[in-house]
Amino acid sequence: MPSTPRPAIQLPHTDPARRSGQRSLLLDLDGVLLDTRPVMQKAWRAVQQRHHIDVPFEQYEQHLGRPFNDIMRRLAVADAEAVHRTYSEASKAVAHLARPFEGVEGVLHALIARGWLLGVVTSKPLDRAAPLLARLGCPFGSVRAAGGPGRSKPAPDPLLLALVDLCADPAQATFVGDMAVDHEAARRAGIAYVHAEWGYGSPGAPVPPVARAPEDLLHFLDEGRHSGPFLEGSLL
């Protein structure tokens, strides 16, 4: 699959000198920005029917955030490429079922008004992620999606590449995710992490700060109560 070296949605100012000292926030898509569970459930149902797979959706959901082929390997599902095509086609057909979580849009615009740089790091392919993100009406400075350069989460690569897109300092960055792989990726990237409790999964250990609702992010970030960088023992 071809790489996507540029952000899909770009802020108007990319001069590094203008961004010196600015704080940046990276966010996962599924389970953090948008509730895409109805889409995923219907897409997985299409996979079950077409490929005669009896793995329940709940098992698939436990591995969200990892590359699709990795999930199929963990679930012992054969012919992952064909399954992925079915899943992608079905996902696009029912993408209208996805909805932003309540409060997310207001929080994003409040952060932009306060001078935060915003980026998205998702394991969803860009052709499915970009239309969903466009609904939020938010100028993301970076969108790193599946199929781009580097390794996927839980490797730190997409987070670090997003920070390069933003010309941002990892020491001034925070990642918001909802799965253990998100937590691990932040730890390995050496950036702060906040767990979105409204999402689909649980964080890894050690237990990070937890935001119960999108509005809580403003308080965490304003007060600096997110978890600090995990530079020691980082596993690049």
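Just so it is clear, the structure is predicted and the values come from calculations on it, not from any experiment.
- Scored by the salt bridge (Lys or Arg N to Asp or Glu O under 4.0 Å) test, Arg45 finds no partners at all (sequence neighbours excluded).
- Taking all atoms of both residues into account, the shortest heavy-atom contact from Ala192 to Ala186 is O-CB, 4.4 Å.
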side-chain contact (heavy atoms from CB on, under 4.5 Å) for Arg144 and Thr122? Distances and angles first, verdict last.
CA-CA 6 Å; Arg144 287 286 169 175; Thr122 176; over 6 Å; no
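- When side chains are defined from C-beta on, Pro208 does not count as touching Arg187, because their heavy atoms never get closer than 4.5 Å.
- By the rule that hydrophobic residues join a cluster once side-chain heavy atoms approach within less than 4.5 Å of another member, Leu161 and Leu126 end up as members of separate clusters.
- Put simply, Val39 and Leu132 are part of two different groups of oily side chains (I, L, V, M, F, W, Y) that touch within less than 4.5 Å, one to the next.
- In terms of heavy atoms, Leu163 sits closest to Ala173 at CD2-CB, 3.7 Å.
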Under the side-chain contact (heavy atoms from CB on, under 4.5 Å) rule, what do Val194 and Leu217 come out as? Steps first, then yes or no, please.
CA-CA 8 Å; Val194 174; Leu217 289 175; 3.9 Å; yes
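- The same ILVMFWY cluster, assembled from side-chain heavy atoms under 4.5 Å apart, contains both Val83 and Ile71.
- Partners of Asp79 by side chain to side chain contact (heavy atoms under 4.5 Å, CB included), not counting sequence neighbours, listed by chain and number: Ala82.
- Residues Leu117 and Leu25 are not in side-chain contact: their nearest non-hydrogen atoms beyond the backbone lie 4.5 Å or more apart.
- Without hydrogens or angle criteria, Asp157 side chain to Arg151 main chain gives a donor-acceptor distance under 3.5 Å.
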Might you work through the side-chain contact (heavy atoms from CB on, under 4.5 Å) test for Ile53 and Leu75, ending with a clear yes or no?
CA-CA 10 Å; Ile53 293 172; Leu75 297 177; over 6 Å; no
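- Rounded to the nearest 0.5 Å, atoms CZ (Arg188) and CG (Leu160) are 10.5 Å apart.
- In this structure, Gln48 and Pro56 approach most closely via the heavy-atom pair NE2-CA, 3.9 Å.
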Set out, in order, the CA-CA distance, both residues' side-chain angles and the distance that settles side-chain contact (heavy atoms from CB on, under 4.5 Å) for Leu108 and Leu33, then state yes or no.
CA-CA 9 Å; Leu108 292 176; Leu33 293 173; 4.1 Å; yes
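- Atoms NE2 and OH, on His183 and Tyr193 in that order, are 6.5 Å from each other to the nearest 0.5 Å.
- The backbone N or O of Gly201 lies less than 3.5 Å from a partner atom in the side chain of His195, making a donor-acceptor pair.
- Judged as a salt bridge (charged side-chain N to carboxylate O under 4.0 Å, His left out), the pairs with a partner in residues 81-95 (not counting sequence neighbours) are, in order, Arg50-Glu89, Lys92-Asp127.
- Side-chain N or O atoms of Asp178 include one that pairs as donor or acceptor with a backbone N or O of Tyr200 at under 3.5 Å.
- With contacts defined as side-chain heavy-atom distances shorter than 4.5 Å, the pair Val32/Trp198 qualifies.
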Table please: side-chain donor-acceptor pairs of residues 59-68 below 3.5 Å, with sequence neighbours left out.
from	atom 1	to	atom 2	distance (Å)
Tyr60	OH	Tyr87	OH	3.3
Glu61	OE2	Arg37	NE	2.7
Glu61	OE2	Arg37	NH2	2.6

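- In plain terms, the two heavy atoms of Val107 and Pro214 that are nearest each other are CG2-O, 3.5 Å.
- Annotation: side chain of Val120 is not in contact with side chain of Ser142 (no heavy-atom distance under 4.5 Å).
- For Pro158 against Val121, the heavy-atom pair with the smallest separation is CB-CG1, 3.6 Å.
- How far CZ of Arg128 is from OG of Ser88: 4.5 Å, rounded to the nearest 0.5 Å.
- Applying the salt bridge (charged side-chain N to carboxylate O under 4.0 Å, His left out) rule to pairs touching residues 193-203 yields Glu197-Arg212, sequence neighbours excluded.
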Which side-chain N or O atoms in residues 97-106 pair as donor and acceptor under 3.5 Å with protein atoms at least two apart or in another chain?
from	atom 1	to	atom 2	distance (Å)
Arg99	NH1	His96	O	2.4

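- Trp44 places a side-chain N or O within 3.5 Å of a backbone atom of Val55 that can act as its donor or acceptor partner.
- Between Lys153 and the options Asp70, Asp30, Asp28, a salt bridge (Lys or Arg N to Asp or Glu O under 4.0 Å) holds for only Asp28.
- One hydrophobic cluster, built from ILVMFWY side chains closer than 4.5 Å, cannot hold both Leu29 and Val94; they sit in different ones.
- Contact record, Pro170 with Ile191: O-CG2, 3.6 Å, taken as the closest heavy-atom pair.
- Note that CG of Leu27 is 6.5 Å distant from CG of Leu118, once rounded to the nearest 0.5 Å.
- Here the CG-SG distance, from Leu133 to Cys138, works out to 9.0 Å after rounding to the nearest 0.5 Å.
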